[in-house]
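Below is one structure, written out as structure tokens, with a few remarks after it.
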Amino acid sequence: MRDRETRFRRMNDLPSTHLLGGGTAMCAGCGGLLAVQEIYDVLGPRTVFVNAAGCMSLLSIYPFTPFRGSWLYTAMACAPAGAQGVRDALDILLRKGRIPPEENLDVVTLAGDGASYGMGLSATSAAIDRGLDFLYVCYDNEGYANTGQQQSAATPFAANTATTGGALGNPLAKKDLFGLWVANRPIYAATAIASEPVDLARKVEKAASLRGPRLLLVLAPCPTGWGFEPGELVEIGRLAVATGIFPLMEWVDGRLHHTKVRRPRLPVESYLKAQGRFRHLFEPARNDAVLQEIQRRVDAHWEGVG
Ligand SMILES: Cc1ncc(C[n+]2csc(CCOP(=O)(O)OP(=O)(O)O)c2C)c(N)n1
Ligand code: SF4
Ligand SMILES: [Mg+2]
């Protein structure tokens, strides 16, 4: 097995086709893929995925998909508009009696953070405004992973990506997509992660029981882009929750809840130092100022959480 440093460096040098080698499209230990599997286990085959271009698009190579349900591939910016078209078509077919009610499908947008936090945001906002009946699943691997992990609006402060390097890494804060959705007062919004499968399954069940715009924002640890071994996927996910850097939350009935409150929280450092993208904060010398700033931001979120 290659050591982490070599693999992380090599990842940043690879062209966009790096995921297609070796006869398999996806990387081992992909947190996004595990989340999609867990979500699909709950939703079942009466689902149509409307997928914005990204790593998950590699799951489906026309005319095949690994799902029993349906799959529609769209450009990065327009998956919610594609979801509207599919929903409208299904509604018309149902109204005209061309398909029986039992052939109705749940419409699920599946998009990465690059699409969701950036170029697809206006299509998302319009879909929420129209009250579109869809579940939006954002698998957030905190970068444009499919093209070599360039920085996105979801990249955390201080992380290194293919386009943010040096002693500090990304100087910007991660955009609050969950907060943007909540500000639009959707029927449902939640954060989740595959390494907390019971929490995730309950949220998918809840979301599936509701109608209207619904968000499931899933943190998707990415060994290739974040610089950890595939076998560490679940541990990285658990650390994200145990340190509080990724809060598990739910917005339902107009109220915000934290679904897992860990006391005491682990220092955020234990999550950061397990990943190549933060190595510059520890080597060749510790950057205490940045480490304390990251911890301060995490603590600020949890202040007053009961
Ligand atoms: C308008 C546009 N720009 C660039 C691309 C090339 N592209 C394909 S996938 C991708 C990365 C998407 O990032 P994200 O949405 O986070 O999904 P991930 O790759 O991380 O799964 C990019 C930049 C594209 N398909 N469309
Ligand atoms: S680059 Fe990351 S998100 Fe994309 S398939 Fe590999 S592990 Fe998954
Ligand atoms: Mg991404």
Side-chain angles (χ1 to χ4, degrees), residues 2 4 7-39 49-61 66 71-82 109-124 136-156 159-164 170 174-175 177 193-195 215-237 240 246 274-277:
R2 289 177 308 214
R4 278 190 202 164
R7 198 158 49 81
F8 188 58
R9 268 210 220 107
R10 202 176 281 180
M11 176 275 295
N12 282 338
D13 291 335
L14 285 169
S16 60
T17 50
H18 71 282
L19 298 175
L20 296 170
T24 175
M26 312 287 295
C27 312
C30 173
L33 183 57
L34 185 58
V36 171
Q37 284 171 334
E38 291 180 10
I39 290 165
F49 284 104
V50 182
N51 168 239
C55 282
M56 297 304 140
S57 307
L58 299 173
L59 281 172
S60 181
I61 300 177
W71 182 277
L72 175 71
Y73 170 68
T74 73
M76 279 185 75
C78 62
T109 289
L110 178 65
D113 51 288
S116 305
Y117 287 69
M119 56 181 103
L121 199 47
S122 83
T124 304
Y136 190 121
V137 176
C138 170
Y139 64 96
D140 182 357
N141 51 32
E142 304 189 319
Y144 291 91
N146 184 240
T147 42
Q149 193 72 357
Q150 294 83 15
Q151 180 192 357
S152 78
T155 300
N160 258 337
T161 66
T163 48
T164 48
N170 176 25
K174 182 182 174 86
K175 187 187 282 183
L177 183 69
I193 189 163
S195 53
L215 171 71
L216 195 64
L217 175 56
V218 183
L219 187 68
C222 164
T224 312
W226 295 13
F228 63 85
E229 293 297 334
E232 294 166 341
L233 169 66
V234 171
E235 183 57 16
I236 296 285
F246 185 69
Q275 302 170 52
R277 63 180 176 157

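Remember, it's a predicted structure, so these values are computed and weren't measured experimentally. Whatever order the structure lists ligands and atoms in, that order sets their numbers, starting from 1.
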Heavy atom of Thr224, distance to ligand 2 below 4.0 Å: yes
Nearest protein heavy atom with distance in Å, relative to atom 1 (C) of ligand 1: Met119 SD, 3.7 Å
Between Thr161 and Tyr144: side-chain donor-acceptor atoms closer than 3.5 Å: no
Verdict with supporting geometry, Lys174 and Asp140, side chain to side chain contact (heavy atoms under 4.5 Å, CB included): CA-CA 11 Å; Lys174 182 182 174 86; Asp140 182 357; 2.6 Å; yes
Gly32 near ligand 2 by a heavy-atom separation under 4.0 Å: no
Gap separating the SG atom of Cys27 from the CG atom of Leu58, nearest 0.5 angstrom: 9.0 Å
N or O pair under 3.5 Å between Gly54 and ligand 1: no
Heavy-atom nearest neighbour in the protein, as seen from atom 15 (O) of ligand 1, with distance rounded to 0.1 Å: Ala115 N, 3.0 Å
Test item, Gly225 contacting ligand 1 (heavy atom, 4.0 angstrom): no
Cys222 near atom 4 (Fe) of ligand 2: N/O/S under 2.8 Å: no
Atom 14 (P) of ligand 1 [closest protein heavy-atom partner, distance rounded to 0.1 Å]: Gly114 N, 3.4 Å
CD-CD distance between Glu235 and Glu229, expressed to the nearest 0.5 angstrom: 14.0 Å
Close approach, Asn146 and ligand 2, non-hydrogen under 4.0 angstrom: no
Straight-line distance of Arg277 CZ to Thr164 OG1, nearest 0.5 Å: 10.0 Å
Atom pair CG/CG of Leu233 and Leu33 - distance to nearest 0.5 Å: 10.0 Å
Donor-acceptor contact present, side-chain Asn141 to main-chain Ala220, <3.5 Å: no
Side chains of Val218 and Glu38 in contact at under 4.5 Å (non-hydrogen atoms): no
Identity and separation of the nearest protein heavy atom to atom 11 (C) of ligand 1: Tyr144 CD2, 3.6 Å
Euclidean distance, Glu142 CD relative to Gln149 CD, rounded to 0.5 Å: 8.5 Å
Heavy-atom nearest neighbour of atom 2 (C) of ligand 1 within options Gln149, Met76, Glu142, Met56: Met76
For ligand 1, the portion of Asn146 having any non-hydrogen atom under 4.0 Å away: both
For the student: nearest non-hydrogen atoms of Leu110 and Tyr139, plus distance: CD1-CD2, 3.9 Å
Ligand 2 atoms in contact with Cys27 (distance to a heavy atom under 4.0 Å): 1 (S), 5 (S), 6 (Fe), 7 (S)
Nearest-contact summary for atom 6 (C) of ligand 1 - protein heavy atom, Å: Thr147 CG2, 4.2 Å
Ligand 1 atoms in contact with Ala53 (distance to a heavy atom under 4.0 Å): 9 (S), 12 (C), 25 (N)
Element-labelled atoms of ligand 1 that are located less than 4.0 Å from some non-hydrogen atom of Cys55: 18 (P), 19 (O), 21 (O)
Nearest protein heavy atom with distance in Å, relative to atom 21 (O) of ligand 1: Tyr139 OH, 2.6 Å
Polar atom proximity, Asn141 to ligand 1 (N or O, under 3.5 Å): yes
Per-atom contacts, ligand 1 versus Gly112 - under 4.0 Å to a heavy atom: 14 (P), 15 (O), 16 (O), 17 (O)
From Thr155 atom OG1 to Gln150 atom CD, the distance as rounded to the nearest 0.5 Å: 9.5 Å
Ser116 side-chain N/O to Gly112 backbone N/O, donor-acceptor pair under 3.5 Å: yes
Ligand-residue contact atoms, ligand 2 with Asn141, heavy atoms, under 4.0 Å: 3 (S)
Flag for Ser152-Asp113: side-chain donor and acceptor within less than 3.5 Å: yes
Per-atom contacts, ligand 2 versus Pro223 - under 4.0 Å to a heavy atom: 7 (S)
